[in-house]
Every structure is written in structure tokens, then in C-alpha cells.
Amino acid sequence: MLLDGQPVNSCLMLTFQAAGHEVTTVEGLGSGLPNAFLQLGAVQCGYCTPGVLVAAEGLLCANPDPAEAEIRHALAGNICRCTGFETIVQAVAARAAACRRGTRQ
Ligand code: FES
């Protein structure tokens, strides 16, 4: 989840630690990043997808123009057994580019 816009492992936090902070889960993300994942085939079984989406959203909030290495670093805490990460990195980069162009999709 995002805690005040920063990715954190929700399973390692106690509820009271989130008091007074803005919490965003994958359900609170807009459709832009998930749509980019779908369009580029970055979702297969979907097991990793919520964590990857939240980590990517946290990256794009902090850095709207990430280099590929920065995307890979931001996603390093997530393991995807299906995609090999190439399409995931492409989807995050595509979403970043769309946001810079002002395209919300
Ligand atoms: Fe299956 Fe990532 S899509 S683990």
C-alpha cells in the first residue's frame, strides 16, 4: 500500500501506525496504470499485480520521468514469476510517458 504516497509493506505494519496518514491500496488507484498493464500484457496470473501496481504508482508520484533502471529498482521488492518483468517495465514507462503528455489513459 501507499502510506502518504510512499510504498510500504502493509503486512509489516500495525494498524495504529497508519493513524493520521493517507493510506492508498490498489483499489484506490486510478485506471491509468492498470490499463497500461493490460494493454501491454503485463498481467498474467495476477498474483503479483497489486503490489507491482502500488509500487509503480509510488514511483510515478515521486518521479514522473523514471529511467528504466529506476523503474526496475522501484519494483525490486516484487517478484513476478510470469512476465519476466519486461512488459511490466514497459507498462510503467508507457504510463509515465502518457502522464507527461497529459493523457490519462
Ligand atoms: Fe503472475 Fe506476476 S503475473 S506472478
Side-chain angles (χ1 to χ4, degrees):
M1 68 182 191
L2 297 175
L3 187 71
D4 295 333
Q6 298 294 313
V8 297
N9 292 325
S10 58
C11 59
L12 298 178
M13 284 189 65
L14 298 175
T15 304
F16 79 87
Q17 293 174 304
H21 297 277
E22 180 180 310
V23 173
T24 305
T25 64
V26 70
E27 289 84 2
L29 301 181
S31 61
L33 192 55
N35 283 341
F37 273 55
L38 291 173
Q39 289 170 358
L40 290 168
V43 177
Q44 290 186 23
C45 79
Y47 184 79
C48 70
T49 305
V52 171
L53 285 170
V54 170
E57 183 75 11
L59 169 67
L60 296 179
C61 288
N63 179 1
D65 189 13
E68 180 180 331
E70 292 170 316
I71 295 171
R72 291 184 184 279
H73 179 75
L75 302 179
N78 299 274
I79 296 173
C80 179
R81 298 281 185 197
C82 301
T83 67
F85 282 98
E86 292 305 316
T87 53
I88 290 174
V89 172
Q90 291 169 8
V92 175
R95 177 63 182 153
C99 288
R100 289 193 304 275
R101 289 191 310 268
T103 307
R104 299 311 297 170
Q105 281 293 331

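Residue numbers run from 1 in the order of the sequence given. In listed order, ligands and their atoms are each counted from 1.
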Asker: Which atoms from ligand 1 have a heavy atom of Gly46 less than 4.0 Å away?
Answerer: 1 (Fe), 3 (S)
Asker: Would you say Val23 and Leu2 make side-chain contact, with heavy atoms under 4.5 Å?
Answerer: no
Asker: Tell me the closest heavy-atom pair linking Cys48 and Ile79, and the distance in Å.
Answerer: CB-O, 3.4 Å
Asker: For residues Ile88 and Cys80, determine if any side-chain heavy atom of one lies less than 4.5 Å from a side-chain heavy atom of the other.
Answerer: yes
Asker: Quick one: angle Cys45 SG - atom 1 (Fe) of ligand 1 - Cys82 SG, to the nearest 10°?
Answerer: 100°
Asker: State the atoms of ligand 1, each with its element, that fall below the 4.0 Å cut-off from a heavy-atom position in Arg81.
Answerer: 4 (S)
Asker: Would you say Phe37 and Val92 make side-chain contact, with heavy atoms under 4.5 Å?
Answerer: yes
